[in-house]
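Everything quoted here is computed from the prediction, not taken from an experiment. Side chains included, hydrogens not; waters and symmetry mates left out as well; all remaining heavy atoms used. Both ligands and their constituent atoms are indexed starting at 1 by order of listing. Along the sequence shown, residues carry numbers from 1.
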Amino acid sequence: MNIILLGPPGAGKGTQARILVERDGMVQLSTGDMLRSAVAAGTEIGKQAKAVMDAGALVTDEIVIGIISERLEQPDVKGGVIFDGFPRTLAQADALGELLARKGMALDSVVEMRCDDDELVTRVTGRFTCGGCGEGYHTTFKQPAAEGVCDKCGASDFKYRPDDNEDAMRTRLLAYYKETSPLIGYYHAKGSLAAVDGTAEIDEVTAQIAAALN
Ligand code: AP5
Ligand code: MG
């Protein structure tokens with residue numbers, strides 16, 4: 001099964017994608033994570049993307065379509081893909097449709113994760129992730145059981161994203177409403193859209209996604 005998790009910054013796309021990876025063995029393709037890896041590795045793409053990402057704006061379609069196109073060449077995508085944070089523009093959605101068609105892959109469902117803006121700002125400004133395994137945490141909603149130690153891998157260094165501040169978040173939300181939200185109508189018209197309540201508890205959102213995919 002190949003699905004898209006579509007939603008504003010902080011809606012829980014990454015959180016739910018990781019649960020689906022663990023439960024169903026699907027592959028998570030997060031363009032945000034791939035770009036952050038490119039920034040950390042200091043590649044040419046990383047250099048081009050860093051300032052844009054830090055400000056909360058969108059990286060060019062050309063760059064992200066190139067990254068996804070290359071990633072879809074790997075054999076592991078045959079077991080099912082969760083697109084997390086891609087596509088984000090109509091041009092990216094068209095390109096994804098063409099890429100999947102060329103590879104004989106179907107798009108089974110697009111899950112829209114709905115959430116209100118105040119909740120999104122609270123979520124991203126409190127977010128941190130494990131530097132060892134990438135597990136996501138939140139200062140209020142999801143602290144590690146033992147302070148300073150990752151529940152999953154036991155590592156004790158945590159990362160904070162440079163774009164998780166109120167200024168960049170405002171730009172990210174604007175980019176979502178201007179560039180990405182038209183995809184809701186786009187996929188609705190194609191008959192593949194299902195919506196879940198992203199403000200519910202993490203387990204409840206997981207259950208709603210499972211119901212939407214059945
Ligand atoms: P990206 O990394 O995709 O960031 P984003 O879309 O802003 O989304 P986030 O990762 O912030 O949120 P999420 O929905 O994954 O939420 P999470 O599960 O972490 O993109 C970053 C940047 O890269 C972009 O701004 C752009 O510059 C560039 N980029 C990436 N893709 C691009 C593309 N296709 N085109 C152009 N540019 C692109 O959850 C957030 C927090 O809330 C966590 O702390 C979590 O623990 C908590 N939480 C999650 N669910 C719940 C819940 N149900 N209840 C309470 N807390 C919850
Ligand atoms: Mg994410």
Side-chain angles (χ1 to χ4, degrees), residues 4-21 28-39 45-46 48-69 71 82-93 95-96 111-130 134-144 151-152 158-165 167-181 183 196-209:
I4 294 172
L5 295 183
L6 180 66
K13 303 180 296 292
T15 301
Q16 296 299 328
R18 288 178 67 84
I19 293 170
L20 286 166
V21 167
Q28 175 190 10
L29 299 194
S30 158
T31 38
D33 288 348
M34 293 174 195
L35 288 165
R36 278 183 289 278
S37 298
V39 171
I45 283 177
Q48 286 176 42
K50 182 170 182 356
V52 178
M53 293 175 75
D54 286 357
L58 293 186
V59 171
T60 64
D61 289 335
E62 192 190 354
I63 287 181
V64 289
I65 292 166
I67 291 177
I68 286 289
S69 165
R71 185 60 182 83
I82 308 147
F83 293 97
D84 159 9
F86 181 90
R88 255 173 155 97
T89 63
L90 289 167
Q92 292 177 25
L96 179 63
V111 179
E112 180 202 350
M113 304 182 67
R114 292 188 179 155
C115 209
D116 59 76
D117 288 1
D118 289 345
E119 170 81 9
L120 296 171
V121 173
T122 306
R123 283 188 188 178
V124 300
T125 50
R127 168 171 53 189
F128 56 100
T129 52
C130 172
E135 182 68 4
Y137 293 99
H138 190 279
T139 47
T140 311
F141 308 125
K142 194 186 163 202
Q143 282 278 2
D151 297 342
K152 281 268 154 70
F158 292 96
K159 287 188 185 160
Y160 296 80
R161 276 172 47 177
D163 59 343
D164 278 350
N165 59 69
D167 271 357
M169 186 55 180
R170 254 191 300 276
T171 308
R172 287 158 67 190
L173 281 171
L174 202 62
Y176 178 76
Y177 292 119
K178 271 174 79 175
E179 311 268 3
T180 310
S181 64
L183 299 187
V196 299
D197 175 13
T199 61
E201 298 275 323
I202 291 174
D203 291 350
E204 169 58 21
V205 180
T206 306
Q208 286 189 25
I209 292 175

*Nearest-contact summary for atom 15 (O) of ligand 1 - protein heavy atom, Å*: Gly14 N, 2.9 Å
*Heavy-atom contacts under 4.0 Å between Gln92 and ligand 1: side chain, backbone, both, or neither?*
side chain
*Can you tell me if Gly198 has a non-hydrogen atom under 4.0 Å from ligand 1?*
yes
*Distance-only, no hydrogens or angles: does the Gln208 side chain make a donor-acceptor pair with backbone N or O of Asp197 under 3.5 Å?*
yes
_Euclidean distance, Asp61 CG relative to Phe86 CZ, rounded to 0.5 Å_ = 8.0 Å
_Polar contact flag for Asp84 and ligand 1 (N/O pairs, less than 3.5 Å)_ = no
*Shortest protein contact, atom 7 (O) of ligand 1 (heavy atom only)*: Arg172 NH2, 2.8 Å
*Answer side chain, backbone, both or neither: which part of Tyr137 comes under 4.0 Å from ligand 1, heavy atoms only.*
backbone
*Please state which part of Met113 comes within less than 4.0 Å of ligand 1, counting heavy atoms only: side chain, backbone, both or neither.*
neither
*Which protein non-hydrogen atom lies closest to atom 37 (N) of ligand 1, naming both residue and atom, and how far is it?*
Val59 N, 3.1 Å
*Taking N or O atoms only and a 3.5 Å limit, does Gln16 qualify as a polar contact for ligand 1?*
no
_Quick check: Gly10 and ligand 1, any N/O pair under 3.5 Å apart?_
yes
_Parallel, tilted or perpendicular, as decided by the 30° and 60° cut-offs, for the rings of Phe158 and Phe128_ = perpendicular
*If you measure every N/O of Gly85 against every N/O of ligand 1, is any gap under 3.5 Å?*
yes
*asked:* Just to confirm my output: which protein heavy-atom neighbour is closest to atom 19 (O) of ligand 1, and how far is it?
replied: Arg127 NH1, 2.6 Å
*Has the side chain of Thr171 got a donor or acceptor atom that lies under 3.5 Å from a matching backbone atom of Ala57?*
no
*Using a 4.0 Å heavy-atom cut-off, say whether Leu35 meets ligand 1 through its side chain, its backbone, both or neither.*
side chain
*Would you check whether Arg161 has a nitrogen or oxygen atom less than 3.5 angstrom from a nitrogen or oxygen atom of ligand 1?*
yes
*Hey, does Ala11 come in under 3.5 Å of ligand 1, counting only N/O atoms on both sides?*
yes
*Arg172 and Asp164: salt bridge (Lys or Arg N to Asp or Glu O under 4.0 Å), yes or no, with the steps?*
CA-CA 10 Å; Arg172 287 158 67 190; Asp164 278 350; 2.9 Å; yes
*Does Val64, backbone or side chain, put an N or O under 3.5 Å from an N or O of ligand 1?*
no
*Compute the shortest N/O to N/O distance between Gly12 and ligand 1 and return yes if it is under 3.5 Å, no if not.*
yes
*For atom 45 (C) of ligand 1, what's the nearest protein heavy atom and its distance?*
Thr15 OG1, 3.7 Å
*asked:* Quick check: Phe128 and ligand 1, any N/O pair under 3.5 Å apart?
replied: no
*asked:* Among all the protein's non-hydrogen atoms, which is closest to atom 22 (C) of ligand 1, and how far away is it?
replied: Met53 CE, 3.9 Å
_Residue portion contacting ligand 1 (non-hydrogen atoms closer than 4.0 Å) for Ala57_ = backbone
*Among protein heavy atoms, which lies nearest atom 54 (N) of ligand 1, and at what distance?*
Arg123 NH2, 3.4 Å
*Could you tell me whether Pro87 approaches ligand 1 through its side chain, its backbone, both or neither, with non-hydrogen atoms closer than 4.0 Å?*
neither
_atom 53 (N) of ligand 1 - nearest protein heavy atom and its distance_ = Ala200 O, 2.8 Å
*Can you find an N/O atom of Ser30 closer than 3.5 Å to an N/O atom of ligand 1?*
no
*Heavy atoms only: which of Arg88, Arg18, Lys13, Glu204 is nearest to atom 32 (C) of ligand 1?*
Arg88
_Take a 6.0 Å sphere around CZ of Arg114 and say whether it holds more than 12 heavy atoms from other residues, nucleotides or ligands._
no
